[in-house]
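Protein chains get the first letters and strands the later ones, always in sequence-line order, with residue 1 at the start of each.
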There are 2 protein chains.
Amino acid sequence: MSLVLPSSGRRVPCEQCPLRALPTFRDFSAEELRFVSDFKRGELVAETGATVVSEGTKSAHLYTLLSGWAFRFKTLLDGRRQILNYVLPGDLIGLQGSIEGEIEHSVEALTPLILCVFPRNRLHDLFKGYPGLAFDITWLSAREERMLDEHLLSLGRRTALERAAYLLAFLHSRAERVGLAGDKLLHIPLTQQHVADTLGLSIVHTNKTLRKLASQGLINWLDRSCVILDPDGLRKLAEWEQPKEHKRPLI
Amino acid sequence: MSLVLPSSGRRVPCEQCPLRALPTFRDFSAEELRFVSDFKRGELVAETGATVVSEGTKSAHLYTLLSGWAFRFKTLLDGRRQILNYVLPGDLIGLQGSIEGEIEHSVEALTPLILCVFPRNRLHDLFKGYPGLAFDITWLSAREERMLDEHLLSLGRRTALERAAYLLAFLHSRAERVGLAGDKLLHIPLTQQHVADTLGLSIVHTNKTLRKLASQGLINWLDRSCVILDPDGLRKLAEWEQPKEHKRPLI
DNA sequence: CGTTACGTTGAAAGCTTTCAAGCATCGTGG
DNA sequence: CCACGATGCTTGAAAGCTTTCAACGTAACG
(Lines give C-alpha, C1' and ligand atoms only; values in the text may rest on other atoms or scores of the structure.)
Protein backbone atom coordinates (compact mmCIF):
# COMPACT_ATOMS: atom_id res chain seq x y z
CA MET A 1 0.00 0.00 0.00
CA SER A 2 2.94 2.32 0.38
CA LEU A 3 4.71 1.52 -2.77
CA VAL A 4 6.53 4.19 -4.68
CA LEU A 5 8.20 3.16 -7.87
CA PRO A 6 11.82 4.16 -8.22
CA SER A 7 12.67 7.24 -10.18
CA SER A 8 12.12 6.59 -13.80
CA GLY A 9 14.50 9.34 -14.89
CA ARG A 10 13.74 12.44 -16.84
CA ARG A 11 10.88 12.32 -19.23
CA VAL A 12 9.44 15.79 -19.43
CA PRO A 13 11.97 18.61 -19.93
CA CYS A 14 10.89 21.65 -17.92
CA GLU A 15 10.98 23.82 -21.00
CA GLN A 16 8.25 21.68 -22.52
CA CYS A 17 6.34 21.01 -19.34
CA PRO A 18 2.68 20.63 -20.27
CA LEU A 19 1.65 22.34 -17.04
CA ARG A 20 3.73 25.39 -17.75
CA ALA A 21 1.71 26.05 -20.87
CA LEU A 22 -1.45 26.58 -18.84
CA PRO A 23 -2.61 30.17 -18.43
CA THR A 24 -2.65 29.86 -14.64
CA PHE A 25 1.10 29.74 -14.43
CA ARG A 26 3.29 32.78 -14.71
CA ASP A 27 5.93 33.01 -17.40
CA PHE A 28 9.44 32.11 -16.39
CA SER A 29 12.51 33.79 -17.81
CA ALA A 30 14.87 31.61 -19.80
CA GLU A 31 17.35 31.84 -16.96
CA GLU A 32 14.81 30.79 -14.36
CA LEU A 33 13.74 27.91 -16.55
CA ARG A 34 17.32 26.83 -16.93
CA PHE A 35 17.80 26.77 -13.18
CA VAL A 36 14.60 24.87 -12.49
CA SER A 37 15.41 22.40 -15.21
CA ASP A 38 18.82 21.87 -13.66
CA PHE A 39 17.31 21.74 -10.18
CA LYS A 40 15.05 18.90 -11.23
CA ARG A 41 16.75 15.61 -10.58
CA GLY A 42 14.22 13.31 -12.22
CA GLU A 43 10.72 11.98 -11.98
CA LEU A 44 8.98 9.66 -9.61
CA VAL A 45 5.93 7.57 -10.33
CA ALA A 46 3.55 6.49 -7.57
CA GLU A 47 0.50 4.33 -7.86
CA THR A 48 -2.90 4.90 -6.29
CA GLY A 49 -2.73 4.45 -2.55
CA ALA A 50 1.04 4.89 -2.39
CA THR A 51 2.49 6.94 0.44
CA VAL A 52 4.75 9.57 -1.06
CA VAL A 53 5.73 11.28 2.18
CA SER A 54 5.56 9.85 5.69
CA GLU A 55 4.92 11.76 8.90
CA GLY A 56 7.95 11.85 11.14
CA THR A 57 10.56 11.17 8.48
CA LYS A 58 13.16 13.33 6.82
CA SER A 59 13.34 13.43 3.08
CA ALA A 60 16.19 14.62 0.95
CA HIS A 61 13.73 15.70 -1.70
CA LEU A 62 11.08 18.18 -2.57
CA TYR A 63 8.49 17.35 -5.17
CA THR A 64 6.23 19.13 -7.57
CA LEU A 65 3.20 17.17 -8.63
CA LEU A 66 3.18 16.87 -12.39
CA SER A 67 0.01 14.85 -12.76
CA GLY A 68 -2.55 13.12 -10.58
CA TRP A 69 -4.34 13.81 -7.32
CA ALA A 70 -2.97 13.32 -3.80
CA PHE A 71 -3.75 14.43 -0.27
CA ARG A 72 -1.88 15.48 2.86
CA PHE A 73 -2.98 14.11 6.22
CA LYS A 74 -2.13 13.58 9.86
CA THR A 75 -3.28 10.85 12.22
CA LEU A 76 -3.72 10.46 15.95
CA LEU A 77 -2.27 7.41 17.67
CA ASP A 78 -5.60 5.58 17.75
CA GLY A 79 -5.95 5.91 14.00
CA ARG A 80 -8.23 8.91 13.67
CA ARG A 81 -7.18 10.54 10.42
CA GLN A 82 -7.55 14.15 9.31
CA ILE A 83 -7.02 15.15 5.72
CA LEU A 84 -5.40 18.59 5.72
CA ASN A 85 -5.46 19.50 2.06
CA TYR A 86 -5.35 18.07 -1.41
CA VAL A 87 -2.41 18.16 -3.78
CA LEU A 88 -3.04 18.94 -7.44
CA PRO A 89 -0.73 19.36 -10.41
CA GLY A 90 1.64 22.26 -9.95
CA ASP A 91 1.67 22.00 -6.17
CA LEU A 92 4.90 21.77 -4.22
CA ILE A 93 5.23 18.92 -1.72
CA GLY A 94 7.53 18.74 1.26
CA LEU A 95 8.53 22.33 1.85
CA GLN A 96 7.69 22.08 5.53
CA GLY A 97 10.35 19.42 5.91
CA SER A 98 13.14 21.67 4.76
CA ILE A 99 12.22 24.02 7.50
CA GLU A 100 11.81 22.06 10.66
CA GLY A 101 13.65 18.88 9.83
CA GLU A 102 11.11 16.12 10.03
CA ILE A 103 7.95 16.53 8.07
CA GLU A 104 4.81 16.51 10.18
CA HIS A 105 2.29 15.06 7.76
CA SER A 106 1.95 12.27 5.25
CA VAL A 107 1.03 12.43 1.58
CA GLU A 108 -0.87 9.70 -0.22
CA ALA A 109 -1.81 9.25 -3.87
CA LEU A 110 -5.49 9.29 -4.87
CA THR A 111 -4.58 8.40 -8.46
CA PRO A 112 -1.36 7.38 -10.16
CA LEU A 113 1.08 10.25 -9.80
CA ILE A 114 4.05 11.66 -11.62
CA LEU A 115 6.26 13.85 -9.46
CA CYS A 116 9.22 16.03 -10.30
CA VAL A 117 12.02 15.44 -7.81
CA PHE A 118 14.24 18.22 -6.47
CA PRO A 119 17.13 17.86 -4.04
CA ARG A 120 16.37 19.74 -0.88
CA ASN A 121 19.97 20.69 -0.31
CA ARG A 122 20.04 22.88 -3.37
CA LEU A 123 17.27 25.08 -2.02
CA HIS A 124 20.00 27.30 -0.68
CA ASP A 125 21.37 27.90 -4.16
CA LEU A 126 17.91 28.80 -5.28
CA PHE A 127 17.54 31.39 -2.56
CA LYS A 128 21.00 32.75 -3.17
CA GLY A 129 20.92 32.99 -6.92
CA TYR A 130 17.25 33.41 -7.77
CA PRO A 131 15.40 35.80 -5.49
CA GLY A 132 12.42 35.65 -7.83
CA LEU A 133 12.14 31.91 -7.41
CA ALA A 134 12.74 32.27 -3.69
CA PHE A 135 9.81 34.62 -3.54
CA ASP A 136 7.80 32.08 -5.52
CA ILE A 137 8.43 29.48 -2.85
CA THR A 138 7.23 31.85 -0.18
CA TRP A 139 4.26 32.63 -2.36
CA LEU A 140 3.35 28.97 -2.61
CA SER A 141 3.68 28.59 1.13
CA ALA A 142 1.43 31.57 1.77
CA ARG A 143 -1.09 30.16 -0.71
CA GLU A 144 -1.20 26.91 1.23
CA GLU A 145 -1.73 28.93 4.39
CA ARG A 146 -4.69 30.68 2.83
CA MET A 147 -6.26 27.36 1.90
CA LEU A 148 -5.75 26.01 5.40
CA ASP A 149 -7.37 29.12 6.85
CA GLU A 150 -10.43 28.42 4.76
CA HIS A 151 -10.52 24.79 5.78
CA LEU A 152 -10.35 25.84 9.41
CA LEU A 153 -13.26 28.21 8.99
CA SER A 154 -15.16 25.38 7.38
CA LEU A 155 -14.44 22.76 10.02
CA GLY A 156 -15.05 25.13 12.87
CA ARG A 157 -18.05 27.08 11.77
CA ARG A 158 -19.87 25.54 8.81
CA THR A 159 -22.64 22.94 9.11
CA ALA A 160 -22.06 19.47 7.71
CA LEU A 161 -23.92 20.28 4.50
CA GLU A 162 -22.10 23.58 4.01
CA ARG A 163 -18.79 21.90 4.69
CA ALA A 164 -19.36 19.25 2.09
CA ALA A 165 -20.47 21.86 -0.44
CA TYR A 166 -17.42 23.95 0.33
CA LEU A 167 -15.03 21.05 -0.09
CA LEU A 168 -16.41 20.02 -3.44
CA ALA A 169 -16.61 23.58 -4.75
CA PHE A 170 -13.05 24.14 -3.57
CA LEU A 171 -11.73 21.05 -5.30
CA HIS A 172 -13.65 21.85 -8.44
CA SER A 173 -12.19 25.33 -8.51
CA ARG A 174 -8.65 24.10 -8.05
CA ALA A 175 -8.99 21.38 -10.65
CA GLU A 176 -10.47 23.82 -13.12
CA ARG A 177 -7.47 26.10 -12.86
CA VAL A 178 -5.07 23.39 -13.81
CA GLY A 179 -7.19 22.36 -16.75
CA LEU A 180 -8.76 19.25 -15.26
CA ALA A 181 -12.37 20.32 -15.52
CA GLY A 182 -12.50 20.93 -19.25
CA ASP A 183 -15.87 21.05 -20.93
CA LYS A 184 -17.07 17.80 -19.48
CA LEU A 185 -18.15 17.36 -15.89
CA LEU A 186 -15.31 16.99 -13.44
CA HIS A 187 -14.82 13.68 -11.67
CA ILE A 188 -13.03 14.03 -8.37
CA PRO A 189 -11.25 10.79 -7.45
CA LEU A 190 -12.34 10.30 -3.85
CA THR A 191 -14.07 7.80 -1.62
CA GLN A 192 -16.62 8.91 0.94
CA GLN A 193 -14.08 7.97 3.60
CA HIS A 194 -11.78 10.66 2.22
CA VAL A 195 -14.57 13.19 2.37
CA ALA A 196 -15.39 12.14 5.93
CA ASP A 197 -11.76 12.48 6.99
CA THR A 198 -11.58 15.91 5.41
CA LEU A 199 -14.78 17.25 6.91
CA GLY A 200 -14.29 15.79 10.37
CA LEU A 201 -17.47 13.72 10.09
CA SER A 202 -18.25 10.03 10.45
CA ILE A 203 -18.56 8.01 7.31
CA VAL A 204 -22.27 7.39 7.89
CA HIS A 205 -23.12 11.02 8.30
CA THR A 206 -20.94 11.92 5.36
CA ASN A 207 -22.92 9.51 3.24
CA LYS A 208 -26.20 11.08 4.31
CA THR A 209 -24.85 14.56 3.69
CA LEU A 210 -23.58 13.72 0.21
CA ARG A 211 -26.91 12.11 -0.53
CA LYS A 212 -28.54 15.41 0.30
CA LEU A 213 -26.27 17.31 -2.07
CA ALA A 214 -27.05 14.74 -4.74
CA SER A 215 -30.80 15.05 -4.17
CA GLN A 216 -30.46 18.78 -4.75
CA GLY A 217 -28.86 18.10 -8.10
CA LEU A 218 -25.50 19.57 -7.09
CA ILE A 219 -23.40 16.43 -7.40
CA ASN A 220 -23.52 12.84 -8.38
CA TRP A 221 -21.64 10.11 -6.60
CA LEU A 222 -20.44 7.15 -8.57
CA ASP A 223 -17.81 4.54 -8.35
CA ARG A 224 -15.08 6.02 -6.25
CA SER A 225 -15.57 9.52 -7.47
CA CYS A 226 -17.70 12.59 -7.19
CA VAL A 227 -19.14 14.29 -10.26
CA ILE A 228 -19.65 18.01 -9.85
CA LEU A 229 -22.88 19.02 -11.55
CA ASP A 230 -23.34 22.56 -10.26
CA PRO A 231 -20.23 24.27 -8.90
CA ASP A 232 -22.04 27.59 -8.52
CA GLY A 233 -24.80 25.98 -6.53
CA LEU A 234 -22.22 24.43 -4.23
CA ARG A 235 -20.46 27.73 -3.76
CA LYS A 236 -23.70 29.48 -2.94
CA LEU A 237 -24.70 26.81 -0.46
CA ALA A 238 -21.33 27.05 1.27
CA GLU A 239 -21.25 30.82 1.03
CA TRP A 240 -17.79 30.53 -0.43
CA GLU A 241 -16.12 32.86 -2.86
CA GLN A 242 -13.60 31.47 -5.22
CA PRO A 243 -10.33 33.35 -4.77
CA LYS A 244 -9.45 35.67 -7.59
CA GLU A 245 -7.39 34.30 -10.44
CA HIS A 246 -3.73 35.05 -10.00
CA LYS A 247 -0.90 33.87 -12.12
CA ARG A 248 1.05 31.52 -9.96
CA PRO A 249 4.57 30.16 -10.06
CA LEU A 250 5.47 26.63 -11.05
CA ILE A 251 8.68 25.27 -9.64
CA MET B 1 -13.45 48.95 18.76
CA SER B 2 -11.08 49.07 15.83
CA LEU B 3 -8.82 51.76 17.03
CA VAL B 4 -5.16 51.61 16.23
CA LEU B 5 -3.04 54.40 17.53
CA PRO B 6 -0.79 56.10 15.02
CA SER B 7 2.81 55.09 14.80
CA SER B 8 4.64 56.36 17.79
CA GLY B 9 7.99 56.31 16.04
CA ARG B 10 11.00 54.25 16.84
CA ARG B 11 11.49 53.28 20.42
CA VAL B 12 13.32 49.98 20.45
CA PRO B 13 16.38 49.74 18.19
CA CYS B 14 16.55 46.27 16.61
CA GLU B 15 20.06 45.78 17.90
CA GLN B 16 18.73 46.03 21.44
CA CYS B 17 15.44 44.30 20.84
CA PRO B 18 14.49 42.52 24.06
CA LEU B 19 13.00 39.65 22.08
CA ARG B 20 16.18 39.03 20.18
CA ALA B 21 17.99 38.30 23.40
CA LEU B 22 15.79 35.27 24.06
CA PRO B 23 17.42 31.89 23.44
CA THR B 24 14.60 30.87 21.05
CA PHE B 25 15.76 33.26 18.37
CA ARG B 26 18.70 32.59 16.13
CA ASP B 27 21.64 34.97 16.05
CA PHE B 28 21.65 37.49 13.27
CA SER B 29 24.81 38.71 11.61
CA ALA B 30 25.65 42.39 12.01
CA GLU B 31 24.77 42.90 8.38
CA GLU B 32 21.40 41.21 8.71
CA LEU B 33 20.65 43.25 11.80
CA ARG B 34 21.55 46.40 9.97
CA PHE B 35 19.14 45.55 7.18
CA VAL B 36 16.29 44.65 9.49
CA SER B 37 16.84 47.77 11.51
CA ASP B 38 16.71 49.82 8.34
CA PHE B 39 13.72 47.84 7.10
CA LYS B 40 11.78 48.76 10.24
CA ARG B 41 9.85 51.93 9.70
CA GLY B 42 8.56 52.45 13.22
CA GLU B 43 6.28 51.10 15.85
CA LEU B 44 2.55 50.87 16.19
CA VAL B 45 0.59 50.62 19.40
CA ALA B 46 -2.83 49.00 19.53
CA GLU B 47 -5.13 48.66 22.48
CA THR B 48 -7.08 45.60 23.57
CA GLY B 49 -9.85 44.84 21.13
CA ALA B 50 -8.31 46.88 18.31
CA THR B 51 -8.38 45.46 14.79
CA VAL B 52 -4.86 45.53 13.44
CA VAL B 53 -5.60 43.93 10.08
CA SER B 54 -8.96 43.71 8.31
CA GLU B 55 -10.14 40.95 6.03
CA GLY B 56 -10.50 42.09 2.45
CA THR B 57 -8.17 45.06 2.65
CA LYS B 58 -4.71 45.73 1.31
CA SER B 59 -2.04 46.96 3.62
CA ALA B 60 1.21 48.61 2.73
CA HIS B 61 2.80 47.12 5.82
CA LEU B 62 4.00 43.98 7.40
CA TYR B 63 4.27 43.72 11.15
CA THR B 64 6.21 41.82 13.72
CA LEU B 65 4.57 41.60 17.08
CA LEU B 66 6.93 42.97 19.70
CA SER B 67 4.73 42.51 22.74
CA GLY B 68 1.20 41.41 23.58
CA TRP B 69 -1.22 38.74 22.42
CA ALA B 70 -3.42 38.84 19.31
CA PHE B 71 -5.38 36.45 17.14
CA ARG B 72 -6.17 35.90 13.46
CA PHE B 73 -9.73 35.10 12.42
CA LYS B 74 -12.22 34.87 9.59
CA THR B 75 -15.98 35.30 9.67
CA LEU B 76 -18.92 34.11 7.63
CA LEU B 77 -21.51 36.62 6.48
CA ASP B 78 -23.95 35.77 9.25
CA GLY B 79 -21.31 36.51 11.86
CA ARG B 80 -20.01 33.05 12.68
CA ARG B 81 -16.38 33.60 13.60
CA GLN B 82 -13.46 31.19 13.46
CA ILE B 83 -10.18 31.96 15.16
CA LEU B 84 -7.41 30.58 12.97
CA ASN B 85 -4.36 31.06 15.14
CA TYR B 86 -2.87 33.23 17.83
CA VAL B 87 -0.14 35.79 17.38
CA LEU B 88 2.61 36.01 19.99
CA PRO B 89 5.74 38.13 20.25
CA GLY B 90 8.15 37.45 17.42
CA ASP B 91 5.42 36.44 14.97
CA LEU B 92 5.13 38.04 11.56
CA ILE B 93 1.74 39.46 10.58
CA GLY B 94 0.46 40.11 7.08
CA LEU B 95 2.71 38.02 4.90
CA GLN B 96 -0.26 36.51 3.12
CA GLY B 97 -1.22 39.94 1.89
CA SER B 98 2.01 40.50 0.04
CA ILE B 99 1.29 37.41 -1.88
CA GLU B 100 -2.24 37.52 -3.09
CA GLY B 101 -3.03 41.21 -2.77
CA GLU B 102 -5.87 41.44 -0.31
CA ILE B 103 -5.43 39.76 3.00
CA GLU B 104 -8.03 37.12 3.76
CA HIS B 105 -8.24 37.30 7.51
CA SER B 106 -8.44 39.85 10.30
CA VAL B 107 -6.18 40.31 13.30
CA GLU B 108 -7.39 41.59 16.66
CA ALA B 109 -5.55 42.46 19.86
CA LEU B 110 -6.18 40.43 23.01
CA THR B 111 -4.00 42.76 25.04
CA PRO B 112 -2.31 46.06 24.31
CA LEU B 113 0.18 45.49 21.49
CA ILE B 114 3.40 46.95 20.24
CA LEU B 115 4.12 46.14 16.62
CA CYS B 116 7.19 46.76 14.48
CA VAL B 117 6.14 48.15 11.11
CA PHE B 118 7.82 47.18 7.84
CA PRO B 119 7.00 48.50 4.37
CA ARG B 120 5.78 45.69 2.20
CA ASN B 121 7.31 47.14 -0.93
CA ARG B 122 10.82 46.60 0.37
CA LEU B 123 10.29 42.88 0.65
CA HIS B 124 11.81 42.63 -2.78
CA ASP B 125 15.04 44.18 -1.60
CA LEU B 126 15.11 41.71 1.20
CA PHE B 127 14.77 38.78 -1.17
CA LYS B 128 17.33 40.20 -3.54
CA GLY B 129 20.00 41.18 -1.08
CA TYR B 130 19.52 38.83 1.85
CA PRO B 131 18.79 35.25 0.84
CA GLY B 132 19.20 34.20 4.46
CA LEU B 133 16.42 36.53 5.55
CA ALA B 134 14.35 35.47 2.56
CA PHE B 135 14.68 31.91 3.70
CA ASP B 136 13.66 33.05 7.18
CA ILE B 137 10.43 34.44 5.81
CA THR B 138 9.68 31.16 4.09
CA TRP B 139 10.57 29.41 7.31
CA LEU B 140 8.08 31.49 9.25
CA SER B 141 5.41 30.78 6.68
CA ALA B 142 6.05 27.06 6.84
CA ARG B 143 5.92 27.22 10.63
CA GLU B 144 2.50 28.83 10.45
CA GLU B 145 1.43 26.07 8.08
CA ARG B 146 2.52 23.45 10.56
CA MET B 147 0.47 25.08 13.29
CA LEU B 148 -2.58 25.24 11.05
CA ASP B 149 -2.17 21.57 10.20
CA GLU B 150 -2.30 20.79 13.89
CA HIS B 151 -5.35 22.94 14.42
CA LEU B 152 -7.10 21.15 11.57
CA LEU B 153 -6.34 17.77 13.07
CA SER B 154 -7.74 19.07 16.32
CA LEU B 155 -10.95 20.52 14.91
CA GLY B 156 -11.59 17.56 12.69
CA ARG B 157 -10.69 14.62 14.85
CA ARG B 158 -10.34 15.48 18.51
CA THR B 159 -13.20 15.45 21.02
CA ALA B 160 -14.25 18.70 22.65
CA LEU B 161 -12.23 17.96 25.78
CA GLU B 162 -9.13 16.96 23.83
CA ARG B 163 -9.47 20.03 21.66
CA ALA B 164 -9.59 22.36 24.62
CA ALA B 165 -6.63 20.62 26.22
CA TYR B 166 -4.69 20.86 22.98
CA LEU B 167 -5.40 24.55 22.56
CA LEU B 168 -4.28 25.45 26.04
CA ALA B 169 -1.19 23.24 25.93
CA PHE B 170 -0.34 24.75 22.55
CA LEU B 171 -0.66 28.31 23.78
CA HIS B 172 1.30 27.51 26.90
CA SER B 173 4.09 26.02 24.85
CA ARG B 174 4.28 29.00 22.55
CA ALA B 175 4.18 31.51 25.37
CA GLU B 176 6.86 29.64 27.24
CA ARG B 177 9.23 29.86 24.30
CA VAL B 178 9.05 33.60 24.17
CA GLY B 179 9.60 33.91 27.88
CA LEU B 180 6.03 34.62 28.94
CA ALA B 181 5.59 31.65 31.23
CA GLY B 182 8.46 32.31 33.59
CA ASP B 183 8.45 30.62 36.97
CA LYS B 184 4.95 31.67 37.83
CA LEU B 185 1.84 30.17 36.32
CA LEU B 186 0.97 31.44 32.89
CA HIS B 187 -2.17 33.54 32.45
CA ILE B 188 -3.54 33.38 28.93
CA PRO B 189 -5.58 36.51 28.16
CA LEU B 190 -8.74 35.00 26.65
CA THR B 191 -12.47 34.94 27.14
CA GLN B 192 -14.43 31.72 26.82
CA GLN B 193 -15.90 33.16 23.65
CA HIS B 194 -12.41 33.17 22.13
CA VAL B 195 -11.92 29.57 23.13
CA ALA B 196 -15.30 28.66 21.65
CA ASP B 197 -14.48 30.41 18.37
CA THR B 198 -11.15 28.61 18.21
CA LEU B 199 -12.48 25.15 18.96
CA GLY B 200 -15.58 25.40 16.80
CA LEU B 201 -17.88 24.91 19.79
CA SER B 202 -20.74 26.88 21.26
CA ILE B 203 -20.00 29.09 24.21
CA VAL B 204 -22.15 26.98 26.52
CA HIS B 205 -20.43 23.76 25.66
CA THR B 206 -17.06 25.44 25.86
CA ASN B 207 -17.87 26.52 29.38
CA LYS B 208 -18.79 22.99 30.39
CA THR B 209 -15.66 21.63 28.78
CA LEU B 210 -13.38 24.13 30.50
CA ARG B 211 -15.13 23.35 33.76
CA LYS B 212 -14.17 19.74 33.27
CA LEU B 213 -10.52 20.62 32.70
CA ALA B 214 -10.63 22.77 35.80
CA SER B 215 -12.18 19.98 37.87
CA GLN B 216 -9.29 17.78 36.84
CA GLY B 217 -6.87 20.33 38.17
CA LEU B 218 -5.40 21.12 34.78
CA ILE B 219 -6.42 24.76 34.55
CA ASN B 220 -8.10 27.51 36.45
CA TRP B 221 -10.34 30.06 34.84
CA LEU B 222 -10.46 33.51 36.30
CA ASP B 223 -11.30 36.99 35.22
CA ARG B 224 -10.86 37.00 31.52
CA SER B 225 -7.95 34.64 31.50
CA CYS B 226 -6.94 31.03 31.78
CA VAL B 227 -4.30 29.90 34.23
CA ILE B 228 -2.39 26.83 33.12
CA LEU B 229 -1.77 24.59 36.12
CA ASP B 230 -0.55 21.42 34.46
CA PRO B 231 0.75 21.75 30.90
CA ASP B 232 1.96 18.16 30.82
CA GLY B 233 -1.43 16.90 31.88
CA LEU B 234 -3.04 18.90 29.11
CA ARG B 235 -0.60 17.55 26.55
CA LYS B 236 -1.22 14.01 27.65
CA LEU B 237 -4.97 14.45 27.53
CA ALA B 238 -4.78 15.89 24.04
CA GLU B 239 -2.20 13.39 22.94
CA TRP B 240 -0.12 16.24 21.64
CA GLU B 241 3.63 16.44 21.40
CA GLN B 242 5.25 19.77 21.69
CA PRO B 243 7.34 20.38 18.58
CA LYS B 244 11.06 20.22 19.13
CA GLU B 245 12.87 23.38 20.07
CA HIS B 246 14.39 25.04 17.06
CA LYS B 247 16.11 28.35 16.90
CA ARG B 248 13.87 30.57 14.91
CA PRO B 249 14.34 33.79 13.01
CA LEU B 250 13.08 37.15 14.16
CA ILE B 251 12.44 39.71 11.50
C1' DC C 1 -17.23 -18.29 -4.98
C1' DG C 2 -15.55 -16.37 -0.72
C1' DT C 3 -13.41 -12.01 0.51
C1' DT C 4 -12.74 -7.21 0.52
C1' DA C 5 -13.79 -2.40 -0.37
C1' DC C 6 -17.32 0.89 -0.97
C1' DG C 7 -21.81 2.79 -0.64
C1' DT C 8 -26.48 2.91 1.71
C1' DT C 9 -30.08 2.86 5.46
C1' DG C 10 -32.57 2.63 9.91
C1' DA C 11 -32.52 3.12 14.75
C1' DA C 12 -30.65 4.04 19.26
C1' DA C 13 -27.25 6.38 21.93
C1' DG C 14 -24.53 10.28 22.78
C1' DC C 15 -22.70 14.69 22.10
C1' DT C 16 -23.58 19.65 21.20
C1' DT C 17 -26.47 23.50 20.52
C1' DT C 18 -30.13 26.40 21.71
C1' DC C 19 -33.07 28.50 24.99
C1' DA C 20 -33.62 30.46 29.49
C1' DA C 21 -32.20 32.28 33.66
C1' DG C 22 -29.17 33.80 37.13
C1' DC C 23 -24.84 35.69 39.27
C1' DA C 24 -20.81 38.73 39.47
C1' DT C 25 -17.98 42.55 38.10
C1' DC C 26 -17.17 46.97 36.19
C1' DG C 27 -17.82 51.53 34.49
C1' DT C 28 -21.13 55.27 33.91
C1' DG C 29 -24.60 58.58 34.68
C1' DG C 30 -27.98 60.37 37.84
C1' DC D 1 -23.14 56.79 46.36
C1' DC D 2 -26.15 53.78 43.93
C1' DA D 3 -28.96 52.12 40.04
C1' DC D 4 -28.32 50.32 35.54
C1' DG D 5 -26.55 48.38 31.41
C1' DA D 6 -22.94 45.71 29.40
C1' DT D 7 -19.83 41.90 29.52
C1' DG D 8 -18.42 37.49 31.01
C1' DC D 9 -19.20 33.12 33.43
C1' DT D 10 -22.52 29.26 34.98
C1' DT D 11 -26.21 25.87 34.89
C1' DG D 12 -30.31 23.07 33.70
C1' DA D 13 -33.31 21.26 30.29
C1' DA D 14 -35.08 20.41 25.74
C1' DA D 15 -34.16 20.08 20.91
C1' DG D 16 -31.25 18.78 17.26
C1' DC D 17 -27.31 17.06 15.05
C1' DT D 18 -23.86 13.31 14.67
C1' DT D 19 -21.98 8.98 15.88
C1' DT D 20 -22.26 4.23 16.64
C1' DC D 21 -24.20 -0.19 15.80
C1' DA D 22 -26.12 -3.34 12.59
C1' DA D 23 -27.29 -4.98 8.24
C1' DC D 24 -27.53 -5.23 3.42
C1' DG D 25 -26.31 -4.60 -1.68
C1' DT D 26 -22.91 -4.29 -5.30
C1' DA D 27 -18.72 -4.68 -7.80
C1' DA D 28 -13.99 -6.14 -8.21
C1' DC D 29 -10.57 -9.66 -7.41
C1' DG D 30 -7.98 -13.79 -6.64
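Contact check on D232(B) versus R235(B) returns a salt bridge, with a Lys/Arg side-chain nitrogen under 4.0 Å from an Asp/Glu carboxylate oxygen. A salt bridge links R143(A) to D91(A): at least one charged side-chain nitrogen sits closer than 4.0 Å to a carboxylate oxygen.
Atom P of nucleotide dT18(D) and atom CZ of R80(A) are separated by 18 Å, given to the nearest angstrom. Here the C1' atom of nucleotide dT18(D) and the CG atom of L155(A) are 15 Å apart, to the nearest Å. Between the CG atom of L190(A) and the P atom of dA5(C) there is a distance of 18 Å, given to the nearest Å. Taking atom CG on L222(B) and atom P on dC26(C), their separation rounds to 12 Å, with Å as the unit. The distance from atom CG of L201(A) to atom C1' of dT16(C) is 14 Å, rounded to the nearest whole Å. Put simply, CG on L199(B) is 15 Å from C1' on dT17(C), counting in whole angstrom units. The interatomic distance linking Q193(A) (CD) with dT8(C) (P) rounds to 14 Å, in whole Å. Taking atom CH2 of residue W221(A) and atom P of nucleotide dA5(C), one finds them 18 Å apart after rounding to whole Å.
Of all nucleotides listed (dT18(D), dG10(C), dT11(D)), dG10(C) comes nearest to the side chain of K208(A). Closest to the side chain of Q192(A), from the set dT19(D), dT17(C), dG7(C), is dG7(C). Across dT11(D), dT9(C), dT17(C), the shortest atom-to-atom separation from the side chain of N207(B) is found for dT11(D).
Nucleic acid contact class of T191(B) (heavy atoms, under 4.0 Å, all strands): sugar-phosphate only. Contacts of I203(A) with the nucleic acid, taken as non-hydrogen atoms under 4.0 Å apart, are absent. If you check every strand for non-hydrogen atoms under 4.0 Å, L210(B) touches nothing.
With DNA chain C read from its 5' end, the first of the two nearest nucleotides for V204(A) and R224(A) is the one closest to R224(A). Toward the 5′ end of DNA chain D lies the nearest nucleotide of R211(B), the other residue of the pair R211(B) and H205(A) mapping further downstream.
Of the N and O atoms on the side chains of T191(A) and H194(A), at least one donor lies less than 3.5 Å from an acceptor on the other residue.
Contact check for L168(A) versus C226(A): side-chain heavy atoms found under the 4.5 Å cut-off. Counting heavy atoms from C-beta outward, C17(A) and L250(A) have side chains that approach closer than 4.5 Å.
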